[in-house]
Structures are given as C-alpha cells and as structure tokens.
Amino acid sequence: DGERIAVFTKNQTNPFFLTVRLGADAAARQLKATVVHYIPTKADSIPEQISQIEDVIVKRPSAVVLTPVDFKALNGAIRKLNEANIPVVNMTDRAEQGKFVNFVGAADYDLGLATGRYLLRKLGGQGNVVILEGVKGAVVPNERLRGYKDALKEFPKVKVLASQTANNQRLQAVQVTENLLQANPKIDGILAVNDAMATGAIEALDGANRKALVVGINGTREAVEAIKAGKMLASGDYNAFQHGCFAVMSAVRSLRGQPVPKEIAFPARVIDSSNFQSLDMAPEKMSCLPWESVVK
Amino acid sequence: MLSPTRTDTSVPVVELRGICKSFPGVKALDEVSLALHPGEVHMIMGENGAGKSTLMKILCGAHTADAGEFYHQGQPAKMADAADARRYGVAVIFQELSLVPHLDVGRNIFLGREPRGLLPGQIDLPALYARAQGFLDMVGSAIDVRTPVHRLRVAEQQIVEIAKALSQNAKVLVLDEPTSALSDREVESLFKVIRDLRHKGVAMAYISHRMAEVFELGDRITVIRDGKHIKTLMPAEASPDEIVRLMVGRTVDMTYQREFCNRPGEAVIELKGVGAANGVRGVNLVVRRGEIVGLSGLVGSGRTEVARAIFGADRIIQGQVLHLGKPLPNDPAKVVSCGIGLIPENRKTQGLALIRSVQDNLIVSSLDRHFPTRKFSMRKAATLAAELIARLRIATPSSQRKVGNLSGGNQQKVVIGKWLSADVDLLIFDEPTRGIDVGAKAEIFELIDGLVKQGKAVLMISSELPEITHICDRAYVMRHKTIVGELSRQELTAENVMRLAVHHD
Amino acid sequence: MIDLVLRRCGAAWPAAIERAPGIWAILVVLALAFSVTTDTFLTGPNLTNLGVQSSILLLLALPMTLVILSEGIDLSMGGVVALAGMVAASALASGASLPTAFAIGIGCGLVAGLWNGVVVAYLQVPPFVATLGTLGMAQGLALVMTDGQSITNVGDALPALFSSSLVGIPTPLIIAGVAYWITHFILYRTRFGNAIFAMGGNREAWRLAGGNVAAVLIGVYAFSGLMVGLTSVMFASRMSAGHPTASLGLEFDAMAAVALGGTSFERGNGWLFGTVLGVLAIGVLRNGLNLLGFPSSLQVISVGVLVLLALLLNGLKRQSS
Amino acid sequence: MTISPTSEPLGQRVLDFLGGPDIAYRLVAVALLCAALAMASGNFLTEGNLLNVLRQASLLFLIASGLTVVLIAGGIDLSVGANLGLSACLAGLTLKATGSIPLAFVVGIGTGTCAGLLNGMLVSFMRVPPFIATYGMLWVLTGLTYLVMHGDAIAGFPSAFRFIGSGYLAGIPVPVYLMVAFLITGGLFARMTTYGQQTYAIGANPEAALLSGVPVRSRQILVYTMSGAMAGLAALVFLARVNSAEGDIGETLTLPAITAALIGGTSLFGGVGTLTGTLIGALMMTLVINGMNLLSVDTNWQPFVMGVMVVLAVLVDRLSHRR
Ligand SMILES: Nc1ncnc2c1ncn2[C@@H]1O[C@H](COP(=O)(O)OP(=O)(O)OP(=O)(O)O)[C@@H](O)[C@H]1O
Ligand SMILES: Nc1ncnc2c1ncn2[C@@H]1O[C@H](COP(=O)(O)OP(=O)(O)OP(=O)(O)O)[C@@H](O)[C@H]1O
Ligand SMILES: [Mg+2]
Ligand SMILES: [Mg+2]
C-alpha cells in the first residue's frame, strides 16, 4: 500500500480550499497514495490546527502537507513534526520557520501587483478607487494588499478614496460597498483582495445602479462567471487545484527519493474575458498538470 | 454563653422611634415606634400589608428607614445596613427563608461568620461543623450538619434558620411567622427554645397570625394597621376579639361557622390507587360537588404531592384519576381546561409572576375562558381584573402594579383571584391561609363556602388543624406518602386527625 | 484511593456520579471506543497531548465555573485573552522578560475582570450584557492596537514555555493542576467560596448575614479576569504570538465544559471537579476523532451531539429522582 | 384606591402602544444619533443612504425578531446564525438544482422551522437548559452545513428570486416591507392574542405559568419554532441579497442579533421585551456602523463601539426604572 499523506487546510468554508483538497486527492489517485484531510472545526482556528498536528504526529503518517492557518503561530507544531522526522510540504500560505520538503504556492504579492496594475491600466491611470481589505493580520490578504498599494504607487494620478476591511466576507463587502457608494459619488474602480469581496462589491454596484471596474484575486468559479457576464473586470489566478496536486506530488516524490525543487510558485496570471476558459469548469473535472510542465 | 448583660428590663435593648418608610405608591410605615426589652417576647400583630415585615426589615438593616430614630441601650445609634444590625446583636428568622440551597447545614449556620483557619479567608471546617452541631443539639434536631440544605424539607430548613439565629449570640431576635411551615411537634420545640432565650434575657419580636401563639408566648403586644402604630398592650389586658378589632378596625367573626353539606353531588374527582413519580403511593380519594374535603397530615406526609399529581404537575405512574367519571389527562393545561385549579403552596415561586402586573396574574389562568377565539383585549382584561380586585378586596393602588410589590397576604389573594376568574369546578387549596391575617382568612373561608354552595368542590390542604376540623365536610389523613384514613364530619376532631397522622409503633 | 480523591473534590463515588451521570457515561464510552478502534489512543504520548491540549480550556473553565455559580456569566473571556495576550506580546516584543510579560498579561486580565465586576456589582447591569460589552471593547482594542496584525517578534522564552516540562511533566499541565488546586481551595475552603454559592443560591441571605454582595461579585469577576490573564499568556505561548482574534469564542467552549460537568445555570448548584471532566470529555472526543481521521464536518456535529447527549442524560437522572 | 379601568390620556396610550417609556428613550437616542450623523457627514441624509440603512437594519431585525420572542419567553437561541446558515445553503442548493423558487422557499423555511422545532423539543420535553441546548444545536447545524456544502460555495441566483433581498417596491427595498410586516404581525401576536400573554407569563415565571394551566411546553416549542422559521425566512432574504452561500454564512450573525434585542430593551431573564425595541436596536447598530463607514473610521473600532452601546442601553433602562 502507498504512502499515507495527512493534508492540513485552513477551513471547510472557503471553496478555495475545497479545490485545493480536490487537487490533492487527484494527485494521490494518480500516485496510488492515500490522503487524509484535517480541517479545523472552527474556521482558521490556530489552537485547533496545532492540536490536530499533535494528534497526527502520534499516528505517524508518511508525510504531511500543511497550509498553516497562521504565519507564525504554527512554528511550535512544525518543530514537533520536524523532530518526529515526518517530512512536511508547505502549501499555499508560507510558514515562518521549520524544515520543509518545499513550498508549493503562489506569490501573493505578485498577484496583487499584477491584478492591481491591470485595473489601473484599464482606468487609463486616473480616477477614484476604493480598496476592500481582507482579514486583518493574515498574511495572504496583507501581501496582496501590499501588491495593490505598490501598483497604486506607479499611478500617482489615481486617488484612493477609502481602504476598508470587509473581512474576506461577501455580505460585509456588500454593506461596506453600499456605504462607500453613498459617501463617494464617483468611484471608478474597486480593488478587492479576494473574489468573495469583489463579487459582493458587484452586488452593491448593481443594487445602486452604479458602474465601476472591479477586480479580485483567486480565480474562483463565481469570479469566472462574473467575468464571463461582463460584470467583473479580472481576477488574479491562484491556481488552487494545482496547489493541492503539486504539494501531494512533492511529498510523494520526496518519499520515493525523486528530486523535488525547493519552491514551486505558480506565476501571477490575470484572468479576464480573454482567457477565462481554462478555469470555466467544475473542480471535480480538473486534472493535475504534468509535473514536468511546471518544474523545469 | 447567652447570659444577659443587663437584667434591667426597663431599658429597651433596641428602640425604633417615628419610623417612616415608603415604597413607590405605598406608605408602608408611618411614624411607627417599637421598643424591645430584654427577656420579653413582643408580639407584632396586624393585617396583611400592615407593615410588620417592613418594620422588622428596618430593625435588621435590610431596609433603611426614610425617617425616624434608632436607639441601642437607650443611646442614639446608626442603623444603615445589616452589618450595623449585627453589631447591635440583632438576629432574624425571616418570613421568606434565607438559606443557601447548595451549601450544607453547617456552612449555612455560620454564613458570613465562619471560624477562621490559618490562611487568609480560609475556614476552619472542623471547628465550624462542631459548633454548628452544638446549636442543632440545642434545638433538639438530628439533622446532619453536612447535608446540603436543598435536600431538607421546609420544616427542617426552618429549624436550621433557628439554629443560625441562635449561633449569632443574639441580644435581639426577630421571628417573622416562624411557625407557618412547622408541624405541631416542631412548633413545641421552637417554643421551648424561645422560652429558654427569654429566660436568658434575649429581647424578641415575634410576628404571627396565629392568635393562640400570641397568648401562649407574648409578654407585650403591638398592633399595627395600615402602616400606623395602633396600640401596645399587655396580654392580660387584651382578648383575642379585642386584638382582632384593633387589627382590622372592626369586629370579625373568627369561628368560621358554615352550614355543612348533607347531600353532596356527583364526584368531581376520584383517585383510584394513584401513585406518582413524586413518591405518593396507593391514594384513594373522592371529592364531590358541594363539599369541602380536607387533606391533613404532618408536614412531609405527601399532601402537596397528591395535589400536584392530580393537577398533572407530577407524572402519575400507577392507578387512575377520574374527572366526572372519565380519565383525567396528566397535564396541567388540560387539567385546567377540565375545570380544576390549584393554589400552590409557595405563592412567590409557584403561584405568581412577580415581575408582572396584578392584572396579568389575575387573568393568566382564564385566558381560554374569556378569550375563546384567542383574540386578546386589554380593555376586557382590565375590566375583569378590576372586578376581581374589588371582589377580593386586594389592596393595590392599581391593577398595573407589579405583584411582587404587594404584601404576602394580598399576593395570596391574587393567586386565589386567578382561579375565581377561571371559574373552575374543583379548587385545590394548598395551605391557602399561610401568612394570611385573620380578617383575610375569614374572607377566604367565606369565599370557599360560597364556592361550594354554588355546587363547586374544594380539596383543602392545611397544616392548621382548626381549619380542617371547623371547615371541612370530610377529611383524609395522610402519613408516609399515602392516605391512612378518612374521617366523616362527625368523626372530624383534632384528636382523631392526630391519631391517624402520627405513627405509633 | 479514587474515592478519597473524589471526596476531596467535593463528593464521594456515588454522589459524584449522581451529580453529572451524563459526563461519566460519555467519558467511559468514548475512552473505551477509542481504545478499541485506534492503537494510539492509550499511549503515553497521546495522553500527554490530550492533557496539554485541554489545559488552556481548563484554565478558562475553572473561573467560568465560579462565575456561573454566582449566577453570572463571562462572555468577555475570548476577547480579553486576545487583548491581554496582545499587550503581553507587545511587552515581550519591546524587550520585557517572561515574568514581566506574565505580570502584564495577568494585570490586563485583572483590570478587565475588575471592570466586569464593577459594571455588574455597582451599575447592576446583568452579567450577560456587561461582559458582552467588555467582549466588544476588548476585541476592538486588540484589533486597534496593531491594526489587526498579530505580534510575532516575541523572542524565544515564551514559545519555549508551552512545550517545556518540569520533572517530566509538561508545564501547561502543571500550571493547570495548580490552577485547579487553587480554585478548589477558594471555592470549598474559604469564606469567599461560601459567598459565591450564596450569590447564586440566595443573595439576600448573604446580604442579611452582613456580607457585601458587591465585593463578592467584584471578587468573582476579578478572579476570572486574573485567570483569563494567565490564560492569555499561555495561549500566546502556544501560538508563539499575540493574536487579536484567535481566541474568540473560547468562552463558549468553557461554558459548555462547565455545563457538561453538571453545573447548572441557576441556584448556585455546581461542582468544580465536574468541570475538569467536562473539559476532558471535549478533549477526548476531538483527540480520538483526529486519531480516527474522522471528516471534519462530522467532528463538528459530534461536538454538538456530545453536549446535547450529556445534558440529556443528566436531565433524565434528574427527572427520575 | 379606585380600580376601574380609567381611560388614559391619548399621549399615554400612544406611548403604551409603542411599548412604554423605554421605547421613547430609545427613539430619542435614534433621533440624536441621526442628527449627529447628519451634521458630521453630508452624505448621511441622502435618500440612497437612508434606504441603505433601512435595508441593512431590516436584515438584522429579521434574524433578531424571532430571537426576541424566545428571549421574552425566558429562553435564548444561540443557534439562529447556524440555523440561518444551514437554511440558506439548503435553499441555495435546491434553487441551483431545480431552479424552482417556491421549492427553495419551502426548503429554506422548512429547514429553519425544523431546527427551531428541535430546539423547542430539547428545551421543553428534554429539559435541557436553553443556553446549552441551542449551543449544542449550533454545532450540529454548523456541522450539517459543512457536510452539505463540503467546502463549496454556490452563487448566482435568478433575479426573480433575488427580488426579496435586493429588489425595490415603490422605491423602497423589499426587505423593509418584510420588516414592517413582521413588526406588525409580531406586535399583534404579543398584544392582541392570548399566545402573547402566555409567552410573557412563561418568561416571567415558568413554574407559576405551568401551575396556572398555561401549556408551557407547547408554547416553548411554538416560540423556538417561530424563531427557527424566522431564521429560515431571513436565510432566504440573505441569500437573495448576497447572491451566494458558503458554509460560514451565518457564523457571525448570532451575537449581533442578541445585541440588537438587548439594546432594544429585551431582558435576558424573560418576561420583558418588545419587537419595536428590537427594531430600534437593529436600527441603532446599523446607524452606528453606517456612520463609521461614511466617516471612514477604522473598522477595528466597530466591536468596541457595539460593546459600549449595549452596556449603555441597558444601563439607561436600569436608571430610568430606579426612579
Ligand atoms: N420591596 C417592596 N417594594 C414595594 N412595596 C413593598 C415592598 N415591601 C413591602 N411593600 C409594601 O409595603 C406594605 C407593607 O408590607 P409588609 O410586607 O411589611 O406587610 P406585612 O405586615 O408583613 O404583611 P403580611 O402579613 O402579608 O406578611 C405593603 O403594602 C407592601 O405592598
Ligand atoms: N427529602 C427531601 N428532599 C428534597 N425535597 C423534599 C424532601 N422532602 C420534601 N421535599 C419537597 O418539599 C416540598 C414540601 O414537601 P412535603 O413533603 O413537606 O409536603 P407536604 O406533605 O404537602 O407538607 P406541607 O404541605 O406541609 O409542606 C415538596 O415540594 C417536596 O418535593
Ligand atoms: Mg410579612
Ligand atoms: Mg405541602
């Protein structure tokens, strides 16, 4: 029987991680390994993920694939994994410390920069924009926000009217945007650090009968639908499915003594009405890219 | 240990002068004075709501007076809170029990005065239990000091209260209706303790609605009416009639004469071998239209449990309850719609929603009767309530007043009122006169009499034997959670009841 | 032997079972089930895990028991753990020593506890509302402090603490044990303990005994705050960081543990050792299901079923007696 | 002591109908809040913004209204948010799968009602304390939501369905009509039916209510079921408004709903409270958040402000009753 891989994701509510898990499962099927998923019962709970890692160490899986719910808080748990000599692949969100087989993910900063630039160029380098920030203190939204801000620096004529958090949530994004639309008669662009908030902002725009260019990041199915319908300008592709694939592949390859690069980062790619087709399908139908097509 | 510091009975230990106290809408006390002398039992008499409990609460610092002076050993003193009262040696046994249910007997006796251990705040538990045992022995009780109080019966709790008061080395002891929950035997041992304390020079204020106690114990009697001091007199110069006249301001017939019922009607309720989850077993009983049936027995014999089982408040596990020949459902709401009402033993916790108005409480049982379509009308409710308030002479400034602000007796009238409003066929009274003054008692009996004359039936539980022997057409006597005998009108004497109620072997 | 331990914890064998039959039944069934279905449950390392994982919840559930006995509730725990943890972490970040950080964290908790106590006792705001308010305020302040960022540059001493051990026993377990012992002493061996029972059982009785109700309430919430402060540093130690939101909702877990252990929300009726059992039951369930690799969504359902089942069993017992 | 039902002055009767002096204080507070916001931000008094506030408040009110009735009956429902989540997800899945709007309504409201019924049974027949019963249910319902969604999200519903959440009728958002409808129905239930009287009686003293012949258990089941049904209905409005559903949709809604009821003067001890109060509570909370957004105040301050507000509201009640 094949390798047993324990895969840790952050929550069971965000479709992004569902896609990641499906990718992991697909890779495991290909490689004849087994995957067991561990997800905190409370979304993004740090103490729970730590406990789950401790419990899993007792069971000694062949390898672990870990998306830490927090940049630093999992350091202790990762150290325990290392001490127990269980190989660990770091997936999607980078951990601060620890020995890892490799990192599989995307560069959030680059995604923010690329997507931000895309919108600002479409605005012709001028106009008013608002930013919808994500959960405070989490690395991913922070990095993306940094990317957006750096993109804005390149377009000094664009004015940022407001930068408020909607906590990565769609409903909050609807309400925050509604209020911002009231406060600001002219908004030309909305930069959301994830697609859930971007689609929320679109709802608010529709409700108020206003128009603005909206971008988000992740490339979720919902965003693809919106792009297809012409309601959303673009979304930064996060390659969720491939994260799962390549993390599990990396783990299995390293167990089998095959070479694995230290870093597999999918390039920042912006999806718009011209190139959404590759993502326009159910994640169940997706398949892993060949290892060699990504790792050169 | 309890030796009096002064034997001079002329200087009061504590004295209240010109005390006034108002609650929103009521002047509870108006210029009342009271002096408590060492070695005397001072009886405080008055109708419900006269202000007796309020006066006692001021005496022990639970309420602060709006005006008036306080003297301790003849000297002006300050009386701001319970701690002051404790300094002057005032201890109280309240009308409403003041025990903590989930602490044991010993800890309750010394609550707030625990013997100190080594560490800061630590209790010296062995010393506490030993001393608590001593005080329980003094009242002749066999209760274990480590029993949590919530496991004790009401009467046993009352005894713990007394031991608690004793343990305070009181110079002044206030007893607010201490016997209302006690059986005769326990009353006797309480009286023995009171006489002991009197001998040791303790000053006592004693509130009771039982006339017999007044003459058995009292050294001095003060009558209060409508928050005013009416008269202080010696037992020798007073007769029961005289005291009642002073209390109510008119003459009242206390003998509760009534025409007994010769030809009772159909059986409203019949119990056949009923056993319930609350412990009663093999109960056979029948109540017919037009009669008042008593249910007697010692405290703890299971009378309340029988009432609750009939009413559906406790689950019936064997036997049958028949209502007009048909099985009665085991659910209070359905029992009420069959026309049966229960006036429970504890009005505050079981009878009333204290935060709601008099009106709301009066109509809650008869909503289905008065509003059969379930469409409610505030106006109609107000009219109904006003009628009941007038009919029962409930002393309240308005039908919108919170029931919690009424005096005990008036609260009891509200509980009765809600069943009058529901116009039930059978009323079960559990201690209907507990804490009720003589005037109100007479009124309540008149009411009960009126009900049975209209062809309704009454089952009455009472711990006061005269009530059973004078009022009832028949009575059942209970012992050990079952009925041990039935007495017809002719056999219904105090001796016969006691013979059945008390276990001889 | 066990009987002696139990007696010291406030009840003898049969009484101990009678107080919270549901939790005993569930603990026994779960432990048996997991011992049979996994080969790792009954191993030393796993039981150590279980203890260490439960320690934080116990540190909160102990004071919660006292608060609930006093007919109160403390909804602010999660928020205050966050705030005090952030403050302690920022102290460490600016170079303070570990003991200083503990003092600061505990101090913060104490201030929040005192505030709760004052609002409940003097302003007479119902505890649910008062502590709900404090929850909001603490959570807000924790977010505002660093604009929602966690504080991660806390040095090495704090992270090391949680995984350290003394004479072979993990430090968190020792701290939880000492905390239990102190709480037990306070509740069952001091006047203050009697006063807490009186707060829930019969406040008037305490007042009439010359006691100061406000002082007791403030004491209860201050004690709770103190323990919350201690927890905040332990929690930060587990995460190697001060985090503004990770602890939110912990108070509900603590309340569930207290209720599982047979403490009722009225009349000052409760049992401190039962709380330990409640914490353990939650810990065993989660640990065992992880060992089984149980799907997470079913784990969520199991927690709810555990709580309902235990309370149902307790209720059945009450009804039949 | 005259005890005839006197006809009170008109002002008193209006005040009573609104819910007594407590409500009046709150209306004054809302007016002051509006005045302050109007002065601070020029955008506040625009028609669009006021409609926004109303629509946002109406969502909060819909969840909080069922909860208010439960609180009045002396219970609590910590599972409303989770219930809303499950109802929204199941309704959304149904809508996606069948495209039938009536069916989605049946599923959404049906789910909420069933969950509420279960709460009611646990509290009334099984005698589990409401706080714990509904907390346990919170976990069970959340778990079921995760189970049916298995981590996925659904989005994009037909515009006919979305009408109840984001549509307008005569220039006013549809949820506002729902809010008014429920305010009136709820008010009639509380004041004009014997059910209402019994609900207050149960909240004030359940034991006394039982011994007065009030069918306590069936009324408890009724209020929890109503709360569940309201959560189901709110779920549909939510779904229609945000046009998507995820497993965590209801997670953060329970405490704000309780807060709205408390700010509105409903007591946690039962027997006291009004829907009008809850509406005002929801309005105050929404106004504050709206104002903070308009003035670009750091959102981190929102929990702090909510915390202060709930304590203040209850404190003012206490002080006004002391007089
Ligand atoms: N806490 C209170 N708030 C408002 N009114 C009160 C309060 N306590 C007592 N009263 C009122 O004060 C008056 C005197 O009540 P008190 O309890 O002293 O009567 P009492 O003589 O002890 O009557 P009873 O024999 O029925 O016990 C009553 O009218 C009562 O309604
Ligand atoms: N040992 C006990 N432990 C706990 N509760 C008890 C115990 N004995 C009685 N009770 C409760 O105390 C209340 C009074 O019961 P009790 O047996 O005294 O009824 P009773 O015979 O009707 O007497 P009375 O009506 O004079 O109080 C009941 O509700 C009963 O359940
Ligand atoms: Mg009295
Ligand atoms: Mg009785």
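Sequence lines set the chain letters: A, B, ... in the order given, protein chains first and strands last, and positions in each chain run from 1. In this text the structure is predicted, and so the values were computed from the model without any measurement.
Within residues 158-180 of chain D, the residues that have a heavy atom under 4.5 Å from a heavy atom of chain A are D:R162, D:Y168, listed by number. Residue-level contacts of residues 84-98 of chain D with chain A do not occur; threshold 4.5 Å between heavy atoms. The interface of residues 48-55 of chain D with chain A, defined by heavy-atom distances below 4.5 Å, comprises D:G48, D:N49, D:N52, D:R55. Identified by a heavy-atom distance below 4.5 Å to chain D, the contributing residues of residues 6-13 of chain A are A:Q12, A:T13, in residue-number order.
Side-chain contact between D:Y146 and A:T41 is absent, with no heavy-atom pair separated by less than 4.5 Å. The closest side-chain heavy-atom distance from D:H150 to A:L18 is below 4.5 Å. Taking 4.5 Å as the limit, some side-chain heavy atom of A:Q175 sits within range of a side-chain heavy atom of D:R241.
The minimum heavy-atom distance linking A:R221 with D:A153 is given by the pair NH2-O, 4.4 Å. Nearest heavy atoms, A:R21 versus D:G151: NH2-CA, 4.1 Å. Across all their heavy atoms, D:D152 and A:P15 have their closest contact at OD1-CB, 4.0 Å.
Considering CD of D:E246 and CG of A:L171, their distance stands at 11.0 Å, rounded to 0.5 Å. Taken from CG in A:N179 to OG1 in D:T286, the straight-line distance is 9.5 Å, to the nearest 0.5 Å.
Among D:L294, D:D248, D:N300, D:N243, the residue making the largest number of heavy-atom pairs under 4.5 Å with chain A is D:N243.
Contacts between A:Q169 and chain D at a heavy-atom distance below 4.5 Å involve the side chain alone, from C-beta outward. Looking at A:T220, there are no atoms closer than 4.5 Å to chain D (heavy atoms on both sides), in backbone or side chain. In this structure, chain D has no heavy atom under 4.5 Å from any part of A:E225. With a 4.5 Å cut-off on non-hydrogen atoms, D:T46 touches chain A through its side chain but not through its backbone. If you measure heavy-atom distances from D:T142 to chain A, you find no contacts under 4.5 Å at all. Looking at D:F238, only its side chain comes within 4.5 Å of chain A, counting heavy atoms on both sides.
Within a 6.0 Å sphere centred on NZ of A:K211, other residues, nucleotides and ligands contribute 12 heavy atoms or fewer. Atom CD of A:Q277 has more than 12 heavy atoms from other residues, nucleotides or ligands within 6.0 Å.
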